[in-house]
Amino acid sequence: MTGSDIRQRFLDYFGQRGHRIVRSSSLVPGNDPTLLFTNAGMNQFKDVFTGQEKRDYTRAATSQKCVRAGGKHNDLDNVGYTRRHHTFFEMLGNFSFGDYFKQDAIAFAWDLITKDYGLPKDRLYVTVFETDDEAAEIWHKQEGVPLDRIYRFGEKDNFWQMGDTGPCGPCTEIYIDQGAGQGCGSASCMPGCDCSRFTEIWNLVFMQFNRDSAGVLTPLPRPSIDTGMGLERIAAILQGKHDNYDTDTLRALVLASAEATGQDPDGPFRASHRVVADHLRSSAFLMAD
Ligand code: GLY
């Protein structure tokens with residue numbers, strides 16, 4: 001599947017299950033002084049989660065343009081040197097505003113990636129927030145994920161928030177094992193390890209709180225769902241690549257940079273071509289917005 005096919009399949013899947021397909025919002029948030037650039041799919045729904053804004057739908061799905069080049073989620077310094085970092089990327093997400101919660105969010109995600117996208121279950125792992133017995137039980141009893149493939153982590157890995165303030169909550173993440181050959185070889189290598197063996201595919205956030213500027217958590221009016229899956233990452237996995245820059249969309253830009261400069265795309269200027277490919281996307285979409 002091309003990147004476009006993967007995006008369309010995602011939106012069709014959720015559209016067929018009662019979700020309103022909402023256009024990506026601008027990379028420059030219209031009304032949010034806490035954010036310079038849009039950094040997640042949920043940004044445009046922030047006030048819906050907190051109950052300040054009402055929409056005529058309670059389920060939505062988007063492919064959201066994101067830039068992570070500063071603030072809480074900042075990947076700028078890694079771009080070009082790692083296989084998976086970008087300043088600009090697209091985030092596929094489904095959202096529930098007080099509609100479905102953990103059970104359905106997990107069922108949708110597992111169904112889409114194992115059936116529609118056809119990822120083998122025996123290469124998938126999940127993580128949950130350390131005290132979230134409910135999510136662990138849903139993964140095990142409802143989806144049949146073996147207990148030894150369910151890991152529990154603390155706030156750093158399994159509690160998501162868009163910034164210092166705003167909607168937030170415990171999350172569960174789905175990982176794929178890319179094989180021992182991609183790993184660090186350590187006996188303790190597991191999902192969450194910094195090496196390239198276990199790749200995080202999808203983050204499902206159980207939105208339950210709003211954090212204020214004093215750091216105090218207030219429960220949201222209705223428990224909600226916010227998910228985020230990087231299109232470039234899932235494209236690499238589905239296209240059998242170990243590097244996002246080898247997927248159809250990004251490779252075309254790397255090759256264009258190589259052609260324009262007369263430099264081997266995979267030679268000594270490999271990282272530079274990647275920086276060019278990435279920063280062109282950021283600057284083009286930022287200027288457009
Ligand atoms: N909002 C979920 C994520 O960005 O991972």
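Worth knowing before you read on, the calculation uses all heavy atoms, side chains too, and leaves out hydrogens, waters and symmetry mates. Because the structure is predicted, anything quoted here is derived from the model rather than measured. Whatever order the structure lists them in is the order used to number ligands and atoms, beginning at 1.
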Determine whether the aromatic ring centres of Tyr100 and Phe108 lie less than 6.0 Å apart. yes

Ring centroids only, cut at 6.0 angstrom: are Tyr245 and His86 within range, meaning strictly under it? yes

Less than 4.5 Å apart, any side-chain heavy atom of Leu204 and any of Ile106? yes

Note every protein N or O atom lying under 3.5 Å from an N or O atom of ligand 1, pairing the names and giving the distance.
unit_1	atom_1	unit_2	atom_2	d
ligand 1	1 (N)	Asp226	OD1	3.2
ligand 1	1 (N)	Asp226	OD2	2.8
ligand 1	4 (O)	Arg68	NH2	3.4
ligand 1	5 (O)	Asn203	ND2	3.0

Test the Arg9-Tyr13 pair against the cation-pi criterion, namely NZ or CZ under 6.0 angstrom from the six-membered ring centroid and within 45° of the ring axis. no

Go through the steps to decide whether Phe101 and Gln208 satisfy the test side-chain contact (heavy atoms from CB on, under 4.5 Å), and finish with yes or no. CA-CA 10 Å; Phe101 198 44; Gln208 282 168 275; 3.9 Å; yes

Mind checking whether Phe129 and Phe153 sit in one hydrophobic cluster, side chains of I, L, V, M, F, W, Y counted as touching below 4.5 Å? no

